[in-house]
Structures are given as C-alpha cells and as structure tokens.
Amino acid sequence: MPPVTPILTCPAPATARIAAGLIGPGLVLTLCLSGCAEVPQEPEPRQRMPPPTLDATPRATAPVASTEAPRPTYRGPWEDPSNPLYHRTIYFDYDSAEIKPQYLDVLRTHSAYLGTTPGQRVTLEGNTDERGTREYNLALGDQRAESVRKLMLAEGVSPGQMATLSYGEEKPAEPGHSENAWRLSRRVTIQY
C-alpha cells in the first residue's frame, strides 16, 4: 500500500512538502499552520452612552458609612491621663532654674521609665515668659532644661537618651500679659 499523504488546506512552501515525507505529518501540520494568515475578527460594537445632562434638581446620594471610626495612634504611656508619665511639665519660679520639690516625683517617674526603656529618647524643652531680652530668655530656658537633665542623669538615665532645647519666650503656654500667663510659660516640657 502506498504511503498516505496528508491533505493540506493552506498552501505550504516546497520545503514543507518535501519534509512531509521525511519528518512526519505532525511537523508538516505545524509548519502549515504557522504559515497561514489569521482571519481578522471584527470588534464588538460599543454602546453609546447618553451625554450627561445638567439637572438643577439635587439628587440624594447615600452616604458612605465607615464600619469603624479611625483609631488614634497610641505612642506611649505618657498619652494616658491615668498614667503618672502623663505629667510632663515642670514649672519654675521667675528668673530661676531651680527645680521645685513638688516636681521631684514627676522627674523620678520619667527617669525610672527611661531607665527601663533604653531605646526611648526625650527632648527637654526649656521655656520662659516674655519678660527679658531674647538672648537672656534663651539662656534661661537652656539652664532650666539643663537642670532637669542633670537631675535625670543622677536618677540613672543615659545621657544619650536626652537632648535639651531652649525656646526662650517663643512658645508661650498661654497667650497674654498677665502673671498667670507668665507663670504657665516658665517651664520645661518632657517631649517623648
């Protein structure tokens, strides 16, 4: 019986016809299909959207309800009013950098926390009231921050955990020109 020659539906080059007898019908079919052009398909017709109309009547839209309220970011125990670390302000007398005895417990509490949390850092911000020259107030704010730093060092806080900064009269605690406003501005704030 003579060998069966496959019938090709697309014209094959002469090399493909020669290879048909040698390699096999599978390869010939592959060569034939790769040489045939694809039939282009027509794209689907697009649906036309009606143009937007400008309607003066307001339409009610459903509000997007959030499933939960955003939670505040908890940065540390000093943000909790029931925690002793919440008290971070040390007040001073006029023209003084001496720490009052009533603030020793506050400073010891912060010192103990920093001693047990070696990765925590603080900035001791010294402030004054508006009386005095700018240079004098910057120096006094620095002296106040430095006196708090020295006490915390004596309580065992690492020097690398603390930095001092003086704002002088630049950041008053309460605006105004009264004794109460001045009293609240003479301070050191422990900033975590």
Side-chain angles (χ1 to χ4, degrees), residues 52 54-192:
L54 298 175
D55 190 8
T57 59
R59 296 180 187 209
T61 58
V64 178
S66 175
T67 56
E68 65 181 59
R71 295 183 180 177
T73 304
Y74 179 74
R75 294 182 356 181
W78 54 88
E79 292 183 344
D80 179 7
S82 65
N83 193 305
L85 294 174
Y86 182 75
H87 304 286
R88 298 179 292 139
T89 305
I90 311 302
Y91 293 100
F92 292 84
D93 287 331
Y94 175 70
D95 201 26
S96 172
E98 184 179 328
I99 298 171
K100 297 179 184 180
Q102 66 205 48
Y103 296 109
L104 292 177
D105 287 340
V106 172
L107 291 172
R108 287 185 181 127
T109 301
H110 285 280
S111 298
Y113 175 74
L114 290 169
T116 58
T117 316
Q120 184 66 56
R121 307 227 182 304
V122 295
T123 302
L124 306 172
E125 297 177 348
N127 297 275
T128 64
D129 60 36
E130 65 185 356
R131 297 174 290 182
T133 65
R134 183 177 188 277
E135 293 79 17
Y136 179 80
N137 287 335
L138 284 171
L140 182 57
D142 189 51
Q143 290 171 7
R144 289 175 176 167
E146 196 57 37
S147 62
V148 170
R149 182 181 164 282
K150 287 178 182 176
L151 189 136
M152 292 176 84
L153 282 172
E155 292 291 324
V157 178
S158 169
Q161 289 181 276
M162 295 180 290
T164 60
L165 177 64
S166 176
Y167 286 111
E169 62 189 74
E170 300 300 318
K171 291 180 79 174
E174 184 176 312
H177 308 290
S178 65
E179 186 58 45
N180 187 48
W182 294 332
R183 183 179 50 81
L184 293 174
S185 294
R186 298 187 299 257
R187 70 197 189 282
V188 167
T189 307
I190 302 169
Q191 293 291 350
Y192 283 89

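From a predicted model like this one, the values you see are computed outputs, not experimental measurements.
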Measure from the ring center of Tyr192 to the ring center of His110 and say whether it is less than 6.0 Å.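 Centroid separation for Tyr192 and His110: below 6.0 Å.
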Run the side-chain contact (heavy atoms from CB on, under 4.5 Å) check on Phe92 and Ile99 step by step: do they pass? CA-CA 7 Å; Phe92 292 84; Ile99 298 171; 4.1 Å; yes
What's the shortest heavy-atom distance between [X] and [Y], and which atoms?
X: Thr116; Y: Tyr113; answer: OG1-O, 3.0 Å
X: Ser111; Y: Met152; answer: OG-CG, 3.4 Å
X: Pro77; Y: Leu85; answer: CG-CD1, 3.7 Å

Would you give the length of the straight line joining atom [atom1] of [X] to atom [atom2] of [Y], rounded to the nearest 0.5 angstrom?
X: Leu153; Y: Glu155; atom1: CG; atom2: CD; answer: 10.5 Å
X: Met162; Y: Glu146; atom1: CE; atom2: CD; answer: 8.5 Å
X: Asn127; Y: Tyr91; atom1: CG; atom2: OH; answer: 10.0 Å
X: Leu184; Y: Glu179; atom1: CG; atom2: CD; answer: 10.0 Å
X: Leu165; Y: Leu124; atom1: CG; atom2: CG; answer: 9.5 Å
X: Arg187; Y: Asp129; atom1: CZ; atom2: CG; answer: 10.5 Å

With side-chain hydrogen bond (donor to acceptor under 3.5 Å, both in side chains) as the criterion, how do Arg134 and Asn137 come out once you've worked through the C-alpha distance, each side chain's angles and the decisive distance to 0.1 Å? CA-CA 5 Å; Arg134 183 177 188 277; Asn137 287 335; over 6 Å; no
Answer yes or no: are there more than 12 heavy-atom neighbours, outside Gln102 itself, under 6.0 Å from its atom CD?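 Above 12, so yes.
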Evaluate whether atom NZ of Lys100 has more than 12 neighbouring non-hydrogen atoms of other residues, nucleotides or ligands under 6.0 angstrom away.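 For Lys100, atom NZ is crowded (more than 12 foreign heavy atoms under 6.0 Å).
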Looking at side-chain heavy atoms only, is the closest gap between Thr123 and Thr164 below 4.5 Å?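 A side-chain contact is absent here, since even the closest heavy-atom pair is not under 4.5 Å.
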Step by step, would you call Leu151 with Leu104 a side-chain contact (heavy atoms from CB on, under 4.5 Å)? CA-CA 9 Å; Leu151 189 136; Leu104 292 177; 3.5 Å; yes
When you measure from the side chain of Thr189 to the backbone N and O of Glu125, does any donor-acceptor pair fall under 3.5 Å?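 No, the answer is negative, given that no donor and acceptor are paired below the 3.5 Å cut-off.
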With distance as the sole test, does Arg149 use its side chain to make a donor-acceptor pair with the main-chain N or O of Ala163 at under 3.5 Å? no
Should Arg186 and Leu140 be marked as a side-chain contact (heavy atoms from CB on, under 4.5 Å) after you check the CA-CA gap, both sets of side-chain angles, and the distance that decides it? CA-CA 10 Å; Arg186 298 187 299 257; Leu140 182 57; over 6 Å; no
Donor-acceptor contacts under 3.5 Å from residues 170-178 side chains, at least two apart:
unit_1, atom_1, unit_2, atom_2, d
His177, ND1, Glu130, OE1, 3.1
His177, ND1, Glu130, OE2, 2.5
Ser178, OG, Ala181, N, 3.3

